[in-house]
Each structure stands twice: as structure tokens, then as C-alpha cells.
Trainee: 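One structure, pasted below without further comment.
Letters A, B, ... are given to chains in the order of the sequence lines, protein chains preceding strands, and every chain is numbered from 1.
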Amino acid sequence: MKIVKIIKILKNFYTLRVFEERDPYRVLIRTILSQRTRDENTDEATSRLFHEYPTIKDIAEAPIERIEWLIRPAGFYRVKARRIKEVSRIILEEYDGRVPSKLEDLLQLPGVGRKTANCVLVYAYGKAAIPVDTHVHRISNRLGLVDTRTPEVTEKKLREIVPREYWIELNDLFVQFGQEICKPINPRHDECPIKKYCNYYRLLSF
DNA sequence: AAAACGGGGGC
DNA sequence: GCCCCAGTTTT
């Protein structure tokens, strides 16, 4: 199976960044902050926020302007601040302060789409899911694993062709691979360890 | 289907 | 200085 070979090769090059943070609420907030944002800026914003407001109740009651300032490094800080505060309020009022562990419940929360919801399921609850971000979407299409135009359809197809035991690590491996090698523009084919499996590379050598 | 939100980093 | 980036919601 092509995808299994690809994953095994990538695992030789990248160590899985086991999410140290397993607290569902912190995973959720960090993941919202990470939307369209690089890791370093996400980390900075997350630690600033939780340093000043350690609990869900703190954030639910915090002044919106202060949240905006704290998470500024993550970008999109105005909309993210409002969503983070609103999400916190909803979880406190409707879920007794516990982050929901069902996909359909997570998707109801403001600022939580399929990618973020799946990240919570995987990293906080250890459930099998495939968070599809732009890296996973782009790389899956380049390799020829799927042929889709939306992340949603890519997720559906990946669920069919990727053995369940690899779902959790797929996102992490593809993101690292996507940042360093299979970049959106000017991918580094010369250093690519899986180009023999890649449709995009095959078309190039013409 | 396209626009809007955004600071940070690469070049 | 210009361009791109670990999405989601609204128009």
C-alpha cells in the first residue's frame, strides 16, 4: 500500500511531536490560535494567554481587549479573541466546563471547523481522526493519494485509503514534511525522500 | 465561490 | 517593501 510506505519513510526523517498538552481545553484553545499561524507564533500567544488566564473561567471573564493583546502574535487576533471567549462561555454554560468529545458538538462551537475539531479528538481524546490542513490537502493531492479541491473531500478520501492506525500521525508527519520539503511553492524535489511515489514529481520530469 | 481577518518571517 | 502562511465564517 502506497500510503503506508510513504508514512514509514517519513517516520525515518521526522520524530512525532507528541503533543505534551493533553488537557482538552488547552488543546482546543491552542488549536484555534494555530489557525493560519506558524508554530512559534502559536506557542508565544498560547503561553502568554494561559500565563495570565490559567483557567477556562478566567478566559470567559477576561476583558476582550486584554485577550486580543495577549494573543496578538498569532494573528487574526480580534476574531480569535472573540471566538476563544465565546467558546469558553459556551463550554462552561452548556457542557459543564468540559470540552465536548463528539465531532458534531465540537463543530457547533464558534471558530471550530473540521480541522480544529479533529485536532481536539486526536490530541486531547486520543480518538482516530484525520485533521486536514493545507499541508495535508496539498501533499495528498501532489502524491496522487487523492484528487480533490477541498480539504473536506480530501479527509473523506483519506479515511478510505489510510489504515486507521496511521490516522493520528498523518497530520504531524505531513505538516513537518510540508514545511521543509513539500512546500507550497518551490518544493525541494532534490531532497525529497518519497519522490518515487509522487505524481507531481513524475509529471515534472517531462 | 470569494472575501475578510493579521502579525511574523522569508527574500 | 512585497508576498506567503497549521482555517473559519460571512457575504
Trainee: Aromatic rings A:His189 and A:Tyr200: how do their planes relate, parallel, tilted or perpendicular, breaks at 30° and 60°?
Mentor: tilted
Trainee: Expressed in whole Å, how much space separates the P atoms belonging to C:dA6 and B:dG10?
Mentor: 14 Å
Trainee: Counting any heavy atom closer than 4.0 Å, what does A:Val136 reach on the DNA or RNA strands: base, sugar-phosphate only, or nothing?
Mentor: nothing
Trainee: Between C:dT8 and B:dG8, how far apart are the P atoms? Round to whole Å, please.
Mentor: 22 Å
Trainee: With sugar-phosphate meaning primed atoms plus P, OP1 and OP2, does A:Ile71 contact a base, only sugar-phosphate, or nothing at under 4.0 Å between heavy atoms?
Mentor: nothing
Trainee: Starting from C1' on B:dG6, measure out to CD on A:Glu44 and report it in whole angstrom.
Mentor: 16 Å
Trainee: Start with the C-alpha distance between A:Glu86 and A:Arg89, add both sets of side-chain angles, then the distance that settles salt bridge (charged side-chain N to carboxylate O under 4.0 Å, His left out), and finish with yes or no.
Mentor: CA-CA 5 Å; A:Glu86 179 66 358; A:Arg89 188 191 63 77; 2.8 Å; yes
Trainee: Do A:Val153 and A:Ile3 share a hydrophobic cluster, counting only Ile, Leu, Val, Met, Phe, Trp and Tyr and linking them when any side-chain heavy atoms are less than 4.5 Å apart?
Mentor: no
Trainee: Closest to the A:Ile185 side chain: B:dG6, C:dA6, C:dC4?
Mentor: C:dC4
Trainee: Out of the candidates A:Val112, A:Thr37, A:Thr46, only one should pair with A:Ile32 under the side-chain contact (heavy atoms from CB on, under 4.5 Å) rule; please name it.
Mentor: A:Val112
Trainee: With a 4.0 Å cut-off on heavy atoms, is A:Val175 in touch with a base, just the backbone sugar-phosphate, or nothing at all?
Mentor: base
Trainee: What is the distance, rounded to the nearest whole Å, between atom CG of A:Leu33 and atom C1' of B:dG6?
Mentor: 13 Å
Trainee: Tell me whether A:Arg164 forms a cation-pi arrangement with A:Trp167, defined as NZ or CZ under 6.0 Å from the six-membered ring centre and within 45 degrees of its axis.
Mentor: yes
Trainee: A:Thr134 near the nucleic acid: base, sugar-phosphate alone, or nothing, with a heavy-atom cut-off under 4.0 Å?
Mentor: sugar-phosphate
Trainee: Using atom P in both nucleotides, what's the gap between B:dG6 and C:dT11 to the nearest angstrom?
Mentor: 15 Å
Trainee: Would you indicate which nucleotide in C:dA6, C:dT9, B:dG6 comes nearest to any side-chain atom of A:Thr37?
Mentor: B:dG6
Trainee: Please say yes or no: joined through hydrophobic side-chain contacts below 4.5 Å, possibly via intermediate residues, are A:Ile64 and A:Leu109 part of one cluster?
Mentor: no
Trainee: Could you check A:Thr42 against A:Gln108 and say which one's nearest nucleotide on DNA chain C is further toward the 5' end?
Mentor: A:Thr42
Trainee: NZ of A:Lys80 versus P of B:dA4: gap in Å, rounded?
Mentor: 18 Å
Trainee: So A:Pro184, base contact, sugar-phosphate only, or nothing? Heavy-atom distance under 4.0 Å.
Mentor: sugar-phosphate
Trainee: Rounded to whole angstroms, how far apart are CD1 on A:Ile32 and P on C:dT9?
Mentor: 9 Å
Trainee: Report all interatomic pairs (protein N or O, nucleotide N or O of nucleotides 8-11 of chain B) with separations under 3.5 Å.
Mentor:
| residue | atom | partner | partner atom | Å |
| --- | --- | --- | --- | --- |
| B:dG8 | N2 | A:Arg38 | NH1 | 3.2 |

Trainee: Rounded to the nearest 0.5 Å, what separation is found between the CG atom of A:Leu106 and the SG atom of A:Cys119?
Mentor: 11.0 Å
Trainee: Taking only side-chain N and O atoms of A:Tyr77, does any of them lie within less than 4.0 angstrom of OP1 or OP2 on B:dC5?
Mentor: no
